[in-house]
Amino acid sequence: MEKLVSLCKRRGFVFQSSEIYGGLGSVWDYGPLGVELKRNVKDRWWRDMVTTRVDIEGLDAGILMHPDVWVASGHVEGFTDPLIECKNCHRRFRADFVEGDQCPSCGVKGEFTTPRMFNLMFKTFMGPVEDEAAQVYLRPETAQGIYVNFLNVLNSSRQKIPFGIAQIGKAFRNEITPGNFIFRTREFEQMEMQYFVKPGTDQEWFDYWRNERLEWVRSLGIRAEKLRLEQHTREELAHYAYDAYDIQYEFAFGWQEFEGIHNRTDYDLAAHQKRSGKKLEYFDQASNERYTPYIIETSGGVDRLMLVLLADAYREEEVEGETRVLLALQPQLAPVKAAIFPLVKKDGMPEVARKIHDDLRQRFHTFYDESGSIGRRYRRQDEAATPFCITIDGQTLEDDTVTVRDRDTLKQDRVATGKLGEYLADRLGG
Ligand code: GAP
């Protein structure tokens with residue numbers, strides 16, 4: 001993990017928030033490469049969950065919502081974690097993360113307070129008055145924005161059940177014990193999809209989405225042996241869930257969940273119906289029935305999935321007596337697709353290289369580099385996950401061909417400059 005955190009900073013994937021002020025606990029900023037990777041991950045999800053599916057619509061709801069939403073959803077009452085404090089050093093911990101009665105910080109035994117339930121929602125005030133009437137929450141999940149828009153989307157899109165609503169957006173949780181880099185943070189992004197189904201068909205759709213999501217995660221190139229599905233026990237189930245599976249990854253700090261598939265029954269729509277007094281029902285014309293749909297939810301964290309991808313891609317290899325560090329990300333997800341190098345900074349090579357760079361950049365995210373030895377330039381791109389490095393050398397000036405080095409196999413192909421776009425498109429699928 002330490003090596004990965006340091007690579008992420010060195011290469012511009014992830015920086016600590018407000019670093020010049022000493023950092024802000026558990027908030028991270030994405031640098032030039034991190035933001036590209038994040039966009040690629042979200043674009044892939046949107047393509048596979050919305051664009052290519054006729055049964056799913058997109059949505060982008062506000063982060064701030066009417067405070068009654070969180071009363072109805074059960075979050076005001078039940079979105080809590082057990083908090084304990086060490087009476088010796090006054091550090092606070094999530095009780096279920098501490099084993100035994102010894103303080104993980106100062107080591108003193110038997111000095112914990114009795115657990116009290118701590119609500120994880122961030123509060124703020126709307127408008128110029130800071131009193132209870134103006135208090136609103138930063139959403140702790142994007143899901144509720146979908147539920148309260150159920151009728152709006154249904155009526156405007158004219159979808160029929162079963163159908164889904166998907167959105168990607170920020171969520172906030174005042175976690176007691178954040179940590180493990182971007183794994184557990186207080187501000188993060190979720191990719192959630194709520195699938196509305198007829199009661200009685202929920203088990204079938206729950207099984208369908210559990211398999212679909214696992215297949216999708218595998219399609220990102222994550223090693224199969226590092227992935228598993230785990231069903232929640234009764235005690236682990238969230239307050240809204242009837243049944244739930246986690247997709248877990250084996251991190252250096254153990255098996256941990258990064259996406260959940262939940263059968264939320266009619267819990268949310270029924271609760272909003274009751275509190276708002278508005279009917280959130282569906283009329284099935286074929287069977288002439290009116291009912292409150294059940295919901296199957298797929299809920300993943302963008303940041304957590306990025307940590308999975310980065311951890312899974314991190315490799316150290318011995319090459320000709322030297323250690324090579326690389327991020328073997330799937331080429332389609334890599335932030336930069338190709339780096340372009342003139343072998344030397346003379347003999348007209350930089351001019352040819354810049355021209356190739358200008359041409360390719362119209363279609364692919366590319367990077368030009370003429371500084372340092374060719375070996376150092378390769379090493380920098382290996383750490384940045386760049387799948388292809390294109391070198392302009394003496395032969396280029398004679399026959400208009402370049403070498404293309406493959407990040408993973410280290411094999412070099414000789415390719416005509418006019419065919420480079422096609423060469424990359426064949427390998428990147430774009
Ligand atoms: N709407 C359901 C829901 O929010 P969840 O299991 O609490 O379910 C879903 O969260 C996903 O959001 C998790 O699988 C994880 O990837 C991400 N997530 C939750 N809390 C997080 C945190 N503090 N930091 C980063 N990601 C988090």
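All ligand and atom numbering here is 1-based and tracks the order in the structure.
At a 4.0 Å heavy-atom cut-off, ligand 1 touches Arg304 through the side chain alone. For Tyr240, every heavy-atom contact with ligand 1 shorter than 4.0 Å involves the side chain, none the backbone. Contacts between Glu259 and ligand 1, counted as non-hydrogen atom pairs separated by less than 4.0 Å, involve the backbone only.
Looking at Arg92, its side chain never comes within 3.5 Å of a backbone N or O of Thr177 through a donor-acceptor pair. Proximity of a side-chain donor or acceptor of Asn119 to a complementary backbone N or O of Val76 within less than 3.5 Å is detected. Looking at Gln167, its side chain does come within 3.5 Å of a backbone N or O of Ala61 through a donor-acceptor pair. At least one donor-acceptor pair under 3.5 Å links the side chain of Lys337 to the backbone N or O of Gln332.
Near Glu141, with a cut-off below 4.0 Å to any heavy atom, the atoms of ligand 1 are 1 (N), 2 (C), 3 (C), 4 (O). Distances below 4.0 Å separate heavy atoms of Glu297 from the following atoms of ligand 1: 1 (N), 2 (C). If you number the atoms of ligand 1 from 1 as listed, the ones under 4.0 Å from a heavy atom of Glu192 come out as 1 (N), 2 (C), 3 (C), 4 (O). When each atom of ligand 1 is checked for a heavy atom of Phe183 under 4.0 Å away, the hits are 24 (N), 25 (C), 26 (N).
Contact between Asp202 and Ile296 at its shortest, heavy atoms only, is O-CD1, 3.5 Å. Of all heavy-atom pairs between Phe206 and Asn263, the closest is CE1-N, 3.6 Å.
Ligand 1 has Arg264 within reach: a non-hydrogen atom of the residue lies less than 4.0 Å from it. Residue-ligand proximity: Asp303 is placed with every non-hydrogen atom at 4.0 Å or more from ligand 1. Every heavy atom of Arg186 sits 4.0 Å or more from the atoms of ligand 1.
On a distance-only criterion, His262 and ligand 1 share no N/O pair closer than 3.5 Å. In terms of N/O distances under 3.5 Å, ligand 1 is not approached by Pro140. For ligand 1, none of its N or O atoms has an N or O atom of Arg184 under 3.5 Å away. Checking only distances, Phe258 does come within under 3.5 Å of ligand 1, N or O to N or O.
Closest protein heavy atom to atom 17 (C) of ligand 1: Gly301 CA, 3.7 Å. For atom 12 (O) of ligand 1, the nearest non-hydrogen atom of the protein is Gln190 NE2, 3.3 Å. Shortest contact from atom 9 (C) of ligand 1 to any protein heavy atom: Ser299 OG, 3.0 Å. Among protein heavy atoms, the minimum distance from atom 19 (C) of ligand 1 is reached at Arg173 NH1, 3.4 Å. In terms of protein heavy atoms, atom 18 (N) of ligand 1 is closest to Phe188 CE1, 3.5 Å. Remark: minimum distance from atom 13 (C) of ligand 1 to any protein heavy atom is reached at Glu257 OE2, 3.2 Å.
Note on ring orientation: taking the six-membered ring where Trp is involved, the planes of Tyr368 and His357 are tilted (angle from 30° to 60°).
Nearest-heavy-atom check against atom 22 (C) of ligand 1 across Leu305, Thr185, Ile247, Asn180 picks out Thr185.
Shown are Arg376, Arg407, Arg405, Arg377; of these, the salt bridge (charged side-chain N to carboxylate O under 4.0 Å, His left out) with Asp382 is made only by Arg405. Each of Tyr282, Tyr294, Phe163 was scored for a ring-ring contact (aromatic ring centres under 6.0 Å, His included) with Phe196, with one residue passing: Phe163. When each of Arg228, Gln256, Glu230, Glu257 is tested with Gln248 by the rule side chain to side chain donor-acceptor pair (under 3.5 Å), just one qualifies, namely Arg228.
Between Phe181 and Phe183, the ring center distance fails the sub-6.0 Å criterion.
Rounding to the nearest 0.5 angstrom, the gap separating the NZ atom in Lys123 from the CG atom in Leu138 is 11.5 Å.
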